[in-house]
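Some notes on the structure that comes next.
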Amino acid sequence: MRWVFVRPHGASAYYDPEIQEPLGVEMLSAARRARGDAVLVLDTTLSRADEAVLARRVAAFDPDAVGFSLTTALEVPCATALRARTETALAGRGVRWLAGGNFVSTEPETAAAMLPPDMTLVRFEGERALDRLALAWTAGIEVDRIVCGEAADIETLPFADRVFASQVLGAGWAFSIQGSRGCRGACTYCASPGLRPRDAPRWRGRPPEHLVEEMSLLASRYGARAFNFVDEDFLGPNAGALARAGRLADEIARRRLRVSFGIQARPDSLSPQIATLLARAGLTYAFLGLESDAPEDLRSWGRPPLEDAFDLIDALRALGVHVHVGTLLFHAQATLASVERFARALARRGLFDFLAANNRLDAIPGSALYRQAVSQGAIDASIPGPQALPFDDAAVAALHSDVVTALAPLGPPWMHAMCSLPPLLARARIEGQAPQALAPLRSSLASLDRSIAEAFFALLSSRKAGQESRGLVAELRSRHLDEACVVIRSLVAAGLAPSFEALREAVRRDAGL
Ligand code: B12
Ligand code: SF4
């Protein structure tokens, strides 16, 4: 069969400069080509062509099936527009249409309502579902509208097709790589459990030697040195985490790979010993879900409390690893006291930033919390995407609203600076010396974090004193607008942002100015 897989872009309301290669469709491409099929992979951001040109490319490929990869409902308008243009270009030639990805996996009914009725929807992993669809369609057998994919044997899947290698290298990004699927955690607010095929264990890992072989191949074929593990739970079961890290580090050393990589891991799966092994092997960036400093919060969300989480972060930092933590200061049961305690603990350690200040615990489709909120009638499941849950304490709700409004102008420069950091850290690691732009970037981030903390605690004090905060919010917002311009200028001067005007426009848009 001849397949086209497309990752459409999303119509996000906020500035988000982070782009990564579309690993999902690159893996599906490799799986289909291993079956002898022909595949064209397109990405509406990375393929550098407008919809009309992409539609012509799809039609010229003469496909049997065209599949869209959707992470959220925000990509649906782009997918449907591209489909309409492609149908015109196909001039009546019949094609099977399908869609998959996390949006379809976690919101199948919403996806069915938003997407054209003749589109087959594939939930969960795509590889085995496409095998089944190919057999059925070739035999002329019709299938259900919604199909559930089974768990693939990830040890035997072919390495992803690196369709966008030149863009990844040209932009200095990391190559995405998948070492495992699933997560041993079961946090009630997380979408991950809702992405798992029904027959899959909670976590499956590729043998470390197998994934280092893929890194090595990318290094020799493209000169790849920077990698980003997309795994949600890099180390898997705690009992095997040390052995897995050791095998990975040994294999990287055996192949003499000088690489840099980033991971996302459950804090309780890590230890100082594991951190040391991984840092020696090339770990430069770690995202850890800390979420709360209160054991009772963590327990209520199905997370194991961890007493030494901050020590672990210190250990990683001492090894030269940049640590970014996920935090949930604002949640339904939060009080001004709990918000202040955790925010101060984060600020003392230089971990309090734009996301920490703004994040709130929403009901995310695919999560247990979302299902519970739907069954209680607290949210409407026909509305796509995450939905806000009300705060029990009105003062917390008011503080969150103040913070979001006052900090809004700092969002785009902060996002831009944060997204610029991992590539520079990777270069510093690989080249053995910090690129020139790293020092100004760190100083911009430090000054943003200082302003964010100052504003946050000023707003908190005002709410604690029961004062009217409108004047303070307006004053902070105006100060932040000026500061955003200063940071944008410094990012442009360091060669990290292409244009002052474009980023300032993003500030105006995000802050509603
Ligand atoms: C890397 C990553 C990103 C990258 C790249 C995203 C991308 N679209 O490729 C960046 C940083 C850009 C990103 C951004 C966002 N992300 Co993100 N991201 C991830 C992460 C960590 C890994 C994705 C990945 O590469 N997986 C590996 C590949 C192999 O899997 P896959 O893409 O899911 O593809 C498989 C199946 O879904 C299926 N499939 C996929 N496409 C298709 C198409 C067809 C036709 C078929 C048949 C099957 C199929 O088959 C594939 C192979 O089995 C996931 C967590 C996770 N484990 O998935 C979160 C995740 C997907 N992200 C998430 C979110 C919320 C976002 C953002 C909205 C964040 C934000 N607030 O801005 C944006 C949305 C941007 C966008 N439009 O895609 C959520 C999605 C929640 C949901 N819908 O259920 C996840 C699940 C994280 C989470 N636990 O909450 N993300
Ligand atoms: S929040 Fe993290 S640890 Fe918890 S289930 Fe989701 S991915 Fe796993």
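Counting convention: from 1, in listed order, for ligands and their atoms alike.
- Residue S105 has no N or O atom closer than 3.5 Å to an N or O atom of ligand 1.
- Summarising the contacts of atom 44 (C) of ligand 1 with P22, A11, G100, A73, the nearest heavy atom is found in G100.
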Run the ring-ring contact (aromatic ring centres under 6.0 Å, His included) test on F287 and H322 for me, step by step, so that the C-alpha distance in whole Å, both residues' side-chain angles and the decisive distance to 0.1 Å come before the verdict. CA-CA 9 Å; F287 178 88; H322 182 90; over 10 Å; no
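- A salt bridge does not link R7 with E21: every distance from a Lys NZ or Arg NE/NH1/NH2 to an Asp or Glu carboxylate oxygen is 4.0 Å or more.
- The aromatic rings of W137 and W3 sit tilted relative to each other, their planes meeting at an angle between 30° and 60°.
- For atom 73 (C) of ligand 1, the nearest non-hydrogen atom of the protein is D16 OD2, 4.7 Å.
- Heavy-atom distances between R303 and ligand 2 reach below 4.0 Å in at least one pair.
- The closest non-hydrogen atom to atom 77 (N) of ligand 1, taken over E21, Q264, E75, comes from E75.
- Geometrically, R349 engages F310 in a cation-pi contact defined by less than 6.0 Å to the ring centre and at most 45° from the axis.
- Residues P272 and L312 meet the side-chain proximity criterion, which asks for heavy atoms closer than 4.5 Å.
- Checked by atom type, the side-chain pair T156/D153 shows a donor-acceptor distance below 3.5 Å.
- Residues R196 and R181 form no side-chain contact, since every pair of their non-hydrogen atoms from C-beta on lies 4.5 Å or further apart.
- Looking at atom 48 (C) of ligand 1, its nearest protein heavy atom turns out to be L28 CD1, 3.5 Å.
- Nearest to atom 61 (C) of ligand 1 by heavy atom, out of V104, V122, N102, is N102.
- Looking at atom 38 (C) of ligand 1, its nearest protein heavy atom turns out to be F124 O, 3.5 Å.
- Remark: ligand 1 and Q178 share no N or O pair separated by less than 3.5 Å (distance only, no angle test).
- In this structure, atom 56 (C) of ligand 1 lies nearest to the protein heavy atom E232 CD, 3.8 Å.
- Under the 3.5 Å distance criterion, with hydrogens and angles disregarded, a donor-acceptor pair is assigned to the side chains of R303 and Y189.
- Ligand 1 has no nitrogen or oxygen under 3.5 angstrom from a nitrogen or oxygen of E18.
- Per-atom contact check: atom 1 (C) of ligand 1 touches the protein, criterion being a heavy-atom distance below 4.0 Å.
- Of the protein's heavy atoms, at least one falls inside 4.0 Å of atom 86 (C) of ligand 1.
- The closest protein non-hydrogen atom to atom 34 (O) of ligand 1 is G24 CA, 3.5 Å.
- Atoms of ligand 2 lying under 4.0 Å from any heavy atom of C190, numbered from 1 in the order shown and given with element: 1 (S), 5 (S), 6 (Fe), 7 (S).
- Scanning the protein for heavy atoms near atom 62 (N) of ligand 1, the closest one is T71 CG2, 4.2 Å.
- The side-chain heavy atoms of C190 and P193, taken from C-beta on, include a pair separated by under 4.5 Å.
- Put simply, atom 91 (N) of ligand 1 has no protein non-hydrogen atoms near it, under 4.0 Å away.
- Among protein heavy atoms, atom 3 (S) of ligand 2 sits closest to R266 CG, 3.3 Å.
- Scanning Q20, R7, M415 for the heavy atom closest to atom 7 (C) of ligand 1 points to R7.
- The nearest protein atom to atom 8 (Fe) of ligand 2, hydrogens excluded, is given as C183 SG, 2.2 Å; this is a heavy-atom distance.
- Taking 4.5 Å as the limit, every side-chain heavy atom of S260 sits out of range of all side-chain heavy atoms of F227.
- Protein heavy atoms come within 4.0 Å of atom 27 (C) of ligand 1.
- Counting heavy atoms closer than 4.0 Å to ligand 2, residue C187 contributes atoms from both its backbone and its side chain.
- Judged by distance alone, the side chains of T44 and H9 do bring a donor and an acceptor atom under 3.5 Å apart.
- Once rounded to the nearest 0.5 Å, the distance linking CZ of R206 with CG of L248 reads 11.0 Å.
- A donor and an acceptor atom, one from each side chain of Q20 and N228, are located under 3.5 Å apart.
- Taking 4.0 Å as the cut-off between side-chain N and carboxylate O, D233 and R204 do not count as a salt-bridged pair.
- You'll find the side chain of D231 stays beyond 4.5 Å of the side chain of I263, heavy atoms only.
- The closest heavy-atom contact to atom 51 (C) of ligand 1, among the options A152, P8, G126, C78, comes from G126.
- The protein heavy atom nearest to atom 65 (C) of ligand 1 is T72 CG2, 4.8 Å.
- Of all protein heavy atoms, the one lying nearest to atom 20 (C) of ligand 1 is V230 O, 4.2 Å.
- Heavy atoms of R181 found under 4.0 angstrom from ligand 1 belong exclusively to the side chain.
- Those atoms of ligand 2 that come under 4.0 Å of a heavy atom in G185, given as number and element, are 5 (S).
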